[in-house]
Amino acid sequence: MMKNQTHRFAARSLIALAVGAAFPQSAAWAADAAADSDAAAPAAKGQAGQLETVIVTAQRRAENIKDVPMAITTLKGDKLDVLTSGGQDIRFLSGRSPSLNVESDYGRSFPRFYIRGQGNTDFDLNASQPVGLVVDDIVQESPMLKGFPVFDVDQVEVLRGPQGTLFGRNSPAGVIKFDSAKPVFKTEGYATLGLGNYGAKNAEGAYNLPLSDTVALRLSLQSQNRDNRVHNSLPNAIARDFEGYHDHAARLQLLVKPSKDFSALLNLHGRNMNGNATLFRANTIKKGTSDLVDGFNYDDYPTDGANTQHLRTKGANLRLRWALDGLTVHSISGYESADFYSRADVDGGYGAAYALPMGPGVIPFALDTADLLPDHKQLTQEVRVESNYKGPLQWIAGLFYFKEDMQIDSISFDTFAPGHPQNAAYSQQNQTARSWAAFGSLNYTVSDKLKLRGGLRYTSDKKEFAAKRVDGITAGPFQVDRDSSNVSWDASGTYELDKNTNLFGRVATGYRAPSIQGRLYGLTDRPTVANAEKVLSAEAGIKQDLFDKRARLSASVFQYRVSDKQLTAGSGAINQNQLINADKVVGQGVELDFQANLSDSLRLTVGGSYNHTEIKDDKLFISYCGGPCTPTNPAGPSAGTSYVNGNPLPRAPQWQGNFTLRYSTAMGDGEFFAFTDWAYRSSYNMFLYQAKEYKAKSLTEGGLRVGYKWDRYEVAAFARNITDQVQAVGAIDINNLAAITNEPRTLGVQFKTSF
């Protein structure tokens with residue numbers, strides 16, 4: 001069976017490359033754009049009808065995307081406007097790049113990212129992820145920092161494959177990189193107001209003000225608001241209405257540039273979000289299938305538990321740049337902190353003496369819990385030096401320091417007692433993480449056609465963890481310390497087949513530091529540890545201009561192997577995670593990005609990916625669901641367990657695709673436009689084990705934005721999930737068939753003015 005899968009994969013790979021090679025080849029790619037590497041450079045304008053040249057900073061320098069030997073997707077401009085038009089949080093990125101999935105069990109906070117199948121389903125507040133998130137050159141380590149709203153952003157870059165050399169920090173699967181719009185020396189700005197169903201009110205704006213010839217300021221604001229749209233019809237309920245939110249964020253940047261050789265950019269930012277945790281809907285998955293039960297009503301949520309959530313984050317960073325004779329020096333200092341509280345009725349329903357059902361089933365036992373992050377601080381410092389002279393050899397060298405301290409509280413409540421008092425279980429975890437790294441890379445131009453690159457990074461990590469019960473029951477403190485170190489490397493090259501076509505190849509390694517967890521809900525609970533994971537990845541591809549630069553193709557094939565892969569297993573009975581290591585995980589696939597100006601009025605983008613992942617560990621078994629599910633893996637050595645050898649990684653769809661089409665035409669004194677976007681993903685396992693109920697169905701979601709632009713104004717109407725597809729995309733498998741659903745259709749209008 002595996003041999004046949006390998007043959008099919010090879011055939012698809014050859015077809016993808018053959019399609020790319022078959023396109024006509026004509027005019028040359030635009031010359032490399034010169035840009036300041038401490039900021040995201042805008043795309044360079046081409047001739048009428050031609051695509052813009054895309055400039056990225058994936059290798060810590062501003063470069064033409066064609067010359068970077070790795071798989072990269074960028075999002076900006078109209079596409080970002082459309083995808084965020086309904087007040088969407090960062091999960092809007094899911095499926096918008098090949099091999100990218102984003103989901104959350106917490107709602108608008110704590111997004112979980114997956115690239116090429118690699119991610120982490122851990123719901124603990126100190127969970128590490130193999131996908132790095134970098135915002136304005138600052139790594140966002142805590143899950144609470146990763147969901148910062150996307151507004152006034154120049155460009156989003158999705159870097160697929162290990163980024164262990166130049167980014168380093170826990171990025172064996174890839175990096176998602178956000179670059180905010182920077183201050184410029186002219187007065188400009190914009191303001192957007194949107195109104196939608198469910199009482200949605202969204203506002204966004206930016207104001208750029210030059211204070212002098214050498215000082216400029218940019219203020220960016222966003223406010224996203226929605227009324228509650230789900231109601232609890234039970235009498236005497238502690239929580240009555242759900243899924244409303246008020247999410248506000250701001251960013252203030254001050255640029256000081258007294259000369260072309262020096263600049264200082266100060267960035268202050270913060271977020272204040274109040275809303276609800278994800279709704280876990282008890283007994284709403286139809287037994288023996290992954291369908292929602294007949295008569296499912298999205299607007300109704302009978303529960304006897306509480307549900308509330310707030311998140312406060314704040315941060316500052318200072319980026320200094322000196323251009324000296326022959327080299328450029330960068331200093332990047334960052335501070336981030338978070339304060340988080342989330343309480344939810346995890347059993348997803350109501351009951352008395354464990355009896356009454358919500359759906360066609362029972363709730364075996366109550367689970368009403370809260371997770372808190374009352375104290376969190378992150379400090380980072382990077383010093384980087386790079387060459388800036390002309391010549392075939394270019395280099396980057398740097399040092400990086402990371403420090404994070406946090407406290408996590410986990411509380412359970414008694415659903416059946418009047419007032420829902422705190423129950424017996426109140427656990428506390430404290431974690432301190434320290435890391436430092438030294439890194440460097442070399443670029444060498446062998447000839448006009450061949451360019452080679454290589455990089456090396458040494459990383460040292462130290463993590464100290466302690467867990468204890470603080471409710472009067474003797475349990476802990478349990479202290480766990482882990483030290484680890486790693487050398488990551490990459491080697492890559494670009495070969496210019498002709499003026500329109502580059503071939504690239506890359507071999508890279510990545511590393512994720514050990515992880516530690518320890519909710520002490522049970523008296524016999526102890527912290528669990530996952531050892532460091534290491535990945536070796538290889539990819540090859542083509543980047544090509546077509547039809548006189550009116551179209552562009554990027555295609556790649558890849559294969560990777562992860563040793564000691566960190567995985568998260570549920571307990572099968574209580575709200576607890578267990579960290580484990582799989583001996584090996586392998587993955588392979590094909591990715592495609594295509595964009596074209598079909599005419600002066602029509603612009604098209606198409607993306608897609610195939611990912612095959614497989615856990616290879618014939619001794620690994622885990623507990624399956626505590627409720628009435630139908631597991632399909634071979635039974636493990638003890639009751640209630642399954643072997644998972646051969647399973648795909650969880651939340652990793654094999655097939656993904658995305659499509660956009662924009663139409664515009666002159667009308668009166670302005671322009672009429674229509675933009676539609678669609679994303680498809682195939683089914684996936686929700687957990688490490690396989691069960692009929694916990695295999696998410698395939699899903700296609702589409703959006704539409706139609707509007708009119710004139711002068712400096714724009715008015716538009718939009719719809720998200722226009723076909724109103726609602727289904728189970730996640731679940732809680734502790735004690736009943738509780739589903740997490742995607743969001744229903746949203747509609748609205750927007751007005752925008754620029755100056």
Side-chain angles (χ1 to χ4, degrees), residues 33-45 52 55-57 60-62 76-77 80 134-138 148-156 177-193 203-223 248-271 313-336 379-386 388-389 711-713 752-755:
D36 191 343
S37 62
D38 65 359
K45 296 289 185 180
E52 297 177 337
I55 304 300
V56 297
T57 54
R60 310 306 292 271
R61 294 177 183 266
K76 63 182 302 177
L80 280 181
V134 177
V135 179
D136 294 330
D137 280 338
I138 304 297
F148 194 83
V150 181
F151 62 100
D152 197 26
V153 166
D154 264 340
Q155 185 163 272
V156 181
K177 187 173 179 291
F178 296 83
D179 290 299
S180 302
K182 306 298 188 295
V184 293
F185 289 97
K186 63 179 179 178
T187 300
E188 65 174 22
Y190 71 92
T192 301
L193 175 65
E204 178 183 324
Y207 181 56
N208 192 96
L209 178 66
L211 302 179
S212 71
D213 292 341
T214 60
V215 180
L217 177 147
R218 189 177 187 94
L219 175 64
S220 309
L221 303 170
Q222 185 187 75
S223 177
H248 313 298
R251 183 189 305 114
L252 177 66
Q253 298 178 87
L254 183 68
L255 173 65
V256 179
K257 193 169 185 178
S259 71
K260 66 177 183 178
D261 297 327
F262 174 77
S263 66
L265 180 61
L266 175 66
N267 179 320
L268 306 174
H269 51 273
R271 180 188 188 189
T313 68
K314 58 184 178 181
N317 59 69
L318 178 63
R319 282 171 284 172
L320 306 176
R321 176 182 178 274
W322 294 269
L324 306 176
D325 185 19
L327 57 87
T328 302
V329 180
H330 302 265
S331 172
I332 306 169
S333 308
Y335 168 82
E336 304 286 343
L379 291 171
T380 57
Q381 175 64 52
E382 179 177 309
V383 177
R384 188 173 77 248
V385 182
E386 64 187 41
N388 65 16
Y389 51 77
D711 294 331
R712 297 183 175 182
Y713 304 101
K752 180 177 181 179
T753 180
S754 303
F755 56 88

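Separation of atoms CZ (Arg251) and CZ (Arg271) is listed at 12.5 Å; rounding is to 0.5 Å. For the atom pair Leu254 CG and Leu219 CG, the distance stands at 12.0 Å (nearest 0.5 Å). Note that NE2 of His330 and OG of Ser263 are 8.5 Å apart. Values are rounded to the nearest 0.5 Å. The OG1 atom of Thr328 sits 9.0 Å away from the CG atom of Asp261 when rounded to the nearest 0.5 Å. One finds the CZ atom of Phe185 at 9.0 Å from the CG atom of Leu211 (value rounded to the nearest 0.5 Å). Taking NZ from Lys752 and CD from Glu204, the interatomic distance works out to 7.5 Å, rounded to the nearest 0.5 Å.
Between Phe148 and His269, the ring planes are perpendicular. Angles over 60° get that label, and only those under 30° would be called parallel.
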Worksheet item: side-chain contact (heavy atoms from CB on, under 4.5 Å) between Asp152 and Tyr190: does it pass, once the steps are laid out?
Response: CA-CA 9 Å; Asp152 197 26; Tyr190 71 92; 3.4 Å; yes
Worksheet item: Could you go step by step and tell me if Leu255 and Lys182 meet the side-chain contact (heavy atoms from CB on, under 4.5 Å) rule?
Response: CA-CA 8 Å; Leu255 173 65; Lys182 306 298 188 295; over 6 Å; no
Fill in: Residue pair Leu80, Val156: steps toward the side-chain contact (heavy atoms from CB on, under 4.5 Å) verdict
CA-CA 9 Å; Leu80 280 181; Val156 181; 4.3 Å; yes
Discussion item. Checking Gln381 against Ser331 for the side-chain hydrogen bond (donor to acceptor under 3.5 Å, both in side chains) test, could you report, in this order, the C-alpha distance in whole Å, the side-chain angles of both residues, the deciding distance, and whether it holds?
Written reply: CA-CA 7 Å; Gln381 175 64 52; Ser331 172; 3.2 Å; yes
Worksheet item: Step by step, would you call Asp137 with Lys177 a side-chain contact (heavy atoms from CB on, under 4.5 Å)?
Response: CA-CA 8 Å; Asp137 280 338; Lys177 187 173 179 291; 4.3 Å; yes
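Residues passing the side-chain hydrogen bond (donor to acceptor under 3.5 Å, both in side chains) test with Thr753, sequence neighbours excluded: none. The side-chain contact (heavy atoms from CB on, under 4.5 Å) search around Val184 returns Lys186, Glu188, Asn208, not counting sequence neighbours. Scanning for side-chain hydrogen bond (donor to acceptor under 3.5 Å, both in side chains) contacts around Ser754 gives an empty result, with sequence neighbours left out. The side-chain hydrogen bond (donor to acceptor under 3.5 Å, both in side chains) test applied to Thr187 returns no partner, not counting sequence neighbours. The ring pair (Phe, Tyr, Trp, His ring centres under 6.0 Å) test applied to Tyr207 returns Phe755, not counting sequence neighbours. Under the rule for a side-chain hydrogen bond (donor to acceptor under 3.5 Å, both in side chains), the partners of Ser223 that lie at least two apart in sequence or sit in another chain are Asn225, His248.
Arg218 and Ala206 make their closest contact through NH2-CB, 3.9 Å (heavy atoms, listed as atom of the first residue, atom of the second, distance). Taking every heavy atom of both residues into account, Ala249 and Phe151 meet most closely at CB-CE2, 3.7 Å. Smallest separation of non-hydrogen atoms from Arg321 and Lys260: NH1-O, 4.0 Å. Annotation for Leu221 and Ala250: closest pair CD2-CB, 3.5 Å, computed over non-hydrogen atoms.
Under the 3.5 Å distance criterion, the side-chain polar atoms of Asn388 are matched with a main-chain donor or acceptor of Gly326. Gln155 places a side-chain N or O within donor-acceptor distance of the main-chain N or O of Ile55, the cut-off being under 3.5 Å.
Within the 4.5 Å cutoff, the side chain of Asn317 has no heavy atoms near those of the Ile332 side chain. Contact check for Gln253 versus Leu265: side-chain heavy atoms found under the 4.5 Å cut-off. Contact annotation: the side chain of Thr57 approaches that of Asp179 to within less than 4.5 Å [non-hydrogen atoms, C-beta and beyond].
At a threshold of 4.0 Å, the pair Arg60-Glu382 counts as salt-bridged, since one of the basic side-chain nitrogens sits closer than that to a carboxylate oxygen.
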